[in-house]
Amino acid sequence: MRKGKNMKDKLIIFDTTLRDGEQSPGASMTKEEKVRIARQLERMKVDVIEAGFPAASPGDFDAVSAVAQAVRDSTVCGLARAIENDIRRAGEALQHAKSGRIHTFIATSPIHMEKKLRMAPDQVLAQAVKAVKWAAEYTDNIEFSPEDAGRSDLDFLCRILEAVIDAGARTLNIPDTVGYSMPEQYGALIRNLREKIPNSDRAVFSVHCHNDLGLAVANSLSAVMNGARQVECTINGLGERAGNAALEEIVMAVRTRQDYFPCETGIDATQIVQASRLVSGITGFAVQPNKAIVGVNAFAHESGIHQDGVLKSRETYEIMRAEDVGWSANKLVLGKHSGRNAFRTRLTELGIELGSEEALNAAFARFKDLADKKHEIFDEDIQAIASDEAVVAAPEHYRLLFLRVCSESGEIPLATVKLVEGGVERQGEAEGGGPVDAAFKAIERIAQSGAELQLYSVNNITSGTDAQGEVTVRLQKEGRIVNGQGADTDIVVASAKAYIGALNRLMGGPEKLNPQL
Ligand code: KIV
Ligand code: ZN
């Protein structure tokens, strides 16, 4: 018999965009960016926000600590390997959190134990128990993950999980680290663990699925049907390699199919599109148009038969309402005559905090500048200005002062660029295969970074030929991959800004450790 609505279990939503999501090459975020995303996740009523891996670098430590101080309504979590120093760093980074959690992990699959850790199973078990006890010196909100659980031996998993529950772990997260599992198999794994571990009723079972075979969401939902009550996921499915289960898909599947799932989330789904845009803007990872829930085409009906059906009765072809996940028609919000207060108010309504009066003034000046060039200003334009300002607020080695590109049919484009570097003005000039190519080469004449361009993509922020173009540039140098973004009504200027943004990122920020290497 199905339980009544009010008797449904709570499904805990654990967002790891700021940790596993950040492990995607090129998706590293500054402290300020992490705080902005964390605030949006809090607004969306995410239960647990995994803010990073404090032992990875001083920058990561500061970011987790800043998120812990900024967020009040969600639990903030820090990741730690099952190593004393990692756990102490996580405990310290979380000391000001209103509600903090330490998430510690160690690999349990034969291949990881033998080849990566070079430890025997009993040593791994003893280390896991020690790790949970170190964490217990800081908090009783402890999560333990047996990394690569999807390929681990069931009996060993039962032994190690029983031991960490006795040591104080209250959430047991079962990661399909390499995205190898099939939905039935993974659901059965969760059911078996719950049934076989004698003290399993003292912990919440959680799942963390990677998308290597495109099954992360299916596996997570199968686990939910078998008793998992926490799902680890990321906005837009960001994450290591092919990514993690997409938060928006998990939340909307559970919500849309309440007839099927025995649990419900506490998420405010109307904040989903805003969160998706924010993460995509900050990381530069564009959302594919046909992506479920947050793709621009997710609610668009092209075929005449579908359009006709929807006009007659929306339910003919729609199982969710676009507005329920935060889609709104492009709304004309501000214009040329709007003042600073109106601009500030709209930023607040959009959940954007620029952090300082200086940043607000700079963003307002850009808004006025844009309003001169562009007839109508939409929310998307304001968001682009705001994310540009947040990037500009990051340490800048180079600043664009001037750009001229001469381009005419039959002639080779020529770009002249002036940059400010450490207060000194520098000029570069170069020809290129096209205006953007010439601009990048002129910048390189000055910077001489030798970085390899890995990605160049342009998106129209709104429709129309006067729309701002949002450009993402990804550079790679000596194994480090960084993204830069720029927005402008002039696509070449947007491109130059994006290139310079990426160079600035390449110049700053110490190397950090990946927890899973
Ligand atoms: O994929 C994984 O196994 C992880 C763990 C650290 C939970 O990200
Ligand atoms: Zn992971």
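All ligand and atom numbering here is 1-based and tracks the order in the structure.
Between Glu92 and Arg89 a salt bridge is recorded (basic side-chain N to carboxylate O distance below 4.0 Å). The pair Glu33-Arg505 meets the salt-bridge criterion, since a charged nitrogen lies less than 4.0 angstrom from a carboxylate oxygen. Using a cut-off of 4.0 Å between Lys/Arg side-chain N and Asp/Glu carboxylate O, Arg241 and Asp212 are scored as salt-bridged.
Which parts of ligand 1 touch Glu147 is read off a 4.0 Å heavy-atom cut-off, strictly below it: atoms 3 (O). Close approach to Pro175 involves these atoms of ligand 1, each under 4.0 Å from a residue heavy atom: 2 (C), 3 (O). For ligand 1, the atoms closer than 4.0 angstrom to any heavy atom of His210 are 1 (O).
Looking at ligand 1, you won't find any N or O of Ser145 less than 3.5 Å from one of its N or O atoms. At under 3.5 Å, not a single nitrogen or oxygen of His103, backbone or side chain, sits near a nitrogen or oxygen of ligand 1.
In His210, the N, O or S atom that comes nearest to the Zn ion (ligand 2) is NE2.
When heavy-atom distances to ligand 1 are checked against a 4.0 Å cut-off, Glu232 has no atom that comes that close, whether in backbone or side chain. Counting heavy atoms under 4.0 Å from ligand 1, residue Asp20 touches it through the side chain alone.
Counting only non-hydrogen atoms, the option in Arg19, Glu240, Glu50 that gets closest to atom 8 (O) of ligand 1 is Arg19.
Looking only at protein heavy atoms, the nearest one to atom 3 (O) of ligand 1 is Thr177 OG1, 2.6 Å. Looking at atom 2 (C) of ligand 1, its nearest protein heavy atom turns out to be Gln516 NE2, 3.1 Å.
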### Task
Test Asp122 against Arg159 for salt bridge (Lys or Arg N to Asp or Glu O under 4.0 Å), laying out the working first.
CA-CA 10 Å; Asp122 282 343; Arg159 270 209 303 133; 3.1 Å; yes
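Of the N and O atoms on the side chains of Thr139 and Asn141, not one donor lies less than 3.5 Å from an acceptor on the other residue.
Taking the ring centre of Tyr138 as origin, the terminal cationic atom of Arg88 falls outside the region bounded by 6.0 Å and 45° from the ring axis.
With the Zn ion (ligand 2) as vertex, His208 NE2 and Asp20 OD2 subtend 90°, rounded to 10°.
Counting only heavy atoms from C-beta outward, the side chains of Arg39 and Val35 approach each other to under 4.5 Å.
The one candidate from Arg101, Lys10, Arg229 that meets the salt bridge (Lys or Arg N to Asp or Glu O under 4.0 Å) condition with Asp47 is Lys10.
The aromatic rings of Phe440 and Tyr499 are tilted relative to each other, their planes meeting at an angle between 30° and 60°.
Glu240 lies apart from the Zn ion (ligand 2) in this respect, since none of its N, O or S atoms is found at a distance under 2.8 Å.
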